[in-house]
Amino acid sequence: MTFGVEDYSDDAISTTGELVGALNVGATETVNTVSFTGITTGYTNPIVLSDVTLDAFGGAGTWYDCGAPGPLTTNFFYACGAGYLTFSGLTEGQAYELQLVMSETRAFNIDIWGDQTTNTGASDIFVDHGNSASKLVTGTFTADATGTQSLYIEVFPGYPGHFNALQLRAIPPDGPFEIISITKAGAETSIVFDSVPGALYIVEFSFDLTTWLEITDSLLATDVTTTFIDDDAFTQTQNRVFYRVIPEQ
């Protein structure tokens with residue numbers, strides 16, 4: 001898992017790819033067109049984000065150790081001591097981006113292990129929040145055959161760690177978007193292309209690479225590759241047909 005950290009601002013919230021789920025411990029809020037679902041009763045375990053579940057942090061202590069829910073731009077919930085952040089129901093081979101939002105400026109030190117189940121060895125990222133700018137921690141990963149991804153998060157003693165909100169997005173893989181194969185068999189042509197689960201695509205055809213006509217739009221992808229079958233009698237009787245696939249915006 002690859003991590004990064006930057007100063008938080010509303011326009012830094014990612015809108016890349018398809019939103020799997022966004023959680024805000026306060027009221028429902030929209031930031032940079034992303035709608036964060038409000039959790040107004042504190043933690044639940046697990047918290048459902050679409051088809052993904054989040055195992056919330058554990059911990060004990062007084063209210064200021066474990067935090068009360070608040071809006072994205074004011075209060076926060078704490079990661080008390082150490083705990084796991086686990087997503088399940090992921091699509092094997094799909095790339096994901098996780099953003100952890102910290103919009104408060106207060107003392108804060110935290111270690112995150114992204115590829116381990118315990119805090120053995122060096123952490124993947126250390127965030128020194130201090131009393132400087134609010135922070136946005138980003139983690140990117142590709143789901144494996146287990147369909148799960150866990151982070152082990154440890155807060156330094158005396159430096160409470162907190163997150164106001166988080167979002168998980170399915171993102172395009174590195175490299176160019178492309179059609180993998182086009183195969184004609186009888187009166188059908190199969191078009192296989194890279195896709196992001198939850199994204200919509202447009203399929204078009206042309207006879208001269210100048211004029212393009214739409215075969216279908218709002219084609220919903222459910223996996224990291226999608227197959228579209230063109231069985232239209234008009235196109236299938238032509239001597240030569242070109243195809244292209246366009247992600248819907």
Side-chain angles (χ1 to χ4, degrees), residues 1-39 43 46-57 67 69-79 83-91 94-106 108-115 123-130 132-143 148-155 161-174 196-199:
M1 191 165 186
T2 302
F3 288 98
V5 60
E6 61 183 289
D7 290 349
Y8 168 78
S9 64
D10 289 352
D11 61 5
I13 296 295
S14 175
T15 58
T16 299
E18 295 300 311
L19 181 66
V20 176
L23 172 68
N24 174 26
V25 295
T28 298
E29 218 172 312
T30 298
V31 180
N32 194 20
T33 75
V34 178
S35 180
F36 286 79
T37 300
I39 302 297
Y43 307 28
I47 298 169
V48 177
L49 302 179
S50 183
D51 293 329
V52 176
T53 58
L54 160 66
D55 292 326
F57 301 110
L72 177 61
T73 53
T74 54
N75 295 323
F76 37 81
F77 65 90
Y78 283 91
Y84 294 94
L85 184 64
T86 302
F87 295 95
S88 61
L90 306 175
T91 301
Q94 172 61 48
Y96 291 91
E97 178 183 85
L98 170 67
Q99 287 194 332
L100 302 172
V101 183
M102 309 167 211
S103 62
E104 288 290 316
T105 54
R106 59 188 292 124
F108 175 75
N109 290 320
I110 191 168
D111 273 323
I112 302 177
W113 288 260
D115 300 308
S123 67
D124 295 299
I125 190 171
F126 167 71
V127 183
D128 180 6
H129 199 197
S132 59
S134 306
K135 301 297 181 184
L136 187 66
V137 175
T138 302
T140 55
F141 64 94
T142 299
T148 63
Q149 177 69 42
S150 293
L151 309 182
Y152 183 86
I153 300 180
E154 183 172 88
V155 178
H162 66 272
F163 300 107
N164 300 74
L166 61 84
Q167 69 163 331
L168 183 68
R169 306 188 74 90
I171 59 175
D174 293 335
V196 175

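The OG1 atom of T138 sits 10.0 Å away from the CZ atom of F3 when rounded to the nearest 0.5 Å. A distance of 14.0 Å separates NZ of K135 from CG of L100, quoted to the nearest 0.5 Å.
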*Do N32 and D10 pass the side chain to side chain contact (heavy atoms under 4.5 Å, CB included) test, and can you show the C-alpha distance, the side-chain angles, and the key distance before you say yes or no?*
CA-CA 6 Å; N32 194 20; D10 289 352; 5.7 Å; no

*Under the side chain to side chain contact (heavy atoms under 4.5 Å, CB included) criterion, do M1 and L151 qualify, and how do the steps go?*
CA-CA 9 Å; M1 191 165 186; L151 309 182; 3.2 Å; yes

*Passes side chain to side chain contact (heavy atoms under 4.5 Å, CB included), S35 versus T30? Steps please.*
CA-CA 4 Å; S35 180; T30 298; 4.1 Å; yes

*How far apart are the C-alpha atoms of I112 and D124, what are their side-chain angles, what is the distance that settles it, and do they pass the side chain to side chain contact (heavy atoms under 4.5 Å, CB included) test?*
CA-CA 6 Å; I112 302 177; D124 295 299; 5.8 Å; no

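Scanning both residues, A12 and L136, for their nearest heavy atoms gives O-CD2, 3.6 Å. In terms of heavy atoms, T16 sits closest to R169 at O-NE, 2.7 Å. Residues A170 and V20 come closest through the heavy atom pair N-CG2, 3.7 Å. Residues L90 and T148 approach most closely at CD1-C, 3.9 Å, considering heavy atoms.
No side-chain heavy atom of T142 sits under 4.5 Å from any side-chain heavy atom of Q94. L168 places none of its side-chain heavy atoms less than 4.5 Å from the side chain of L23. At least one side-chain heavy atom of L98 sits less than 4.5 Å from a side-chain heavy atom of F87. When side chains are defined from C-beta on, L166 does not count as touching F36, because their heavy atoms never get closer than 4.5 Å.
Side-chain atoms of S14 and E97 form a donor-acceptor pair, as typed in the model, at a separation below 3.5 Å.
The aromatic rings of W113 and Y152 sit perpendicular to each other, their planes meeting at more than 60°, with 30° as the lower class boundary.
Of the possible polar contacts, none joining the Q99 side chain to the A165 backbone as a donor-acceptor pair under 3.5 Å is found.
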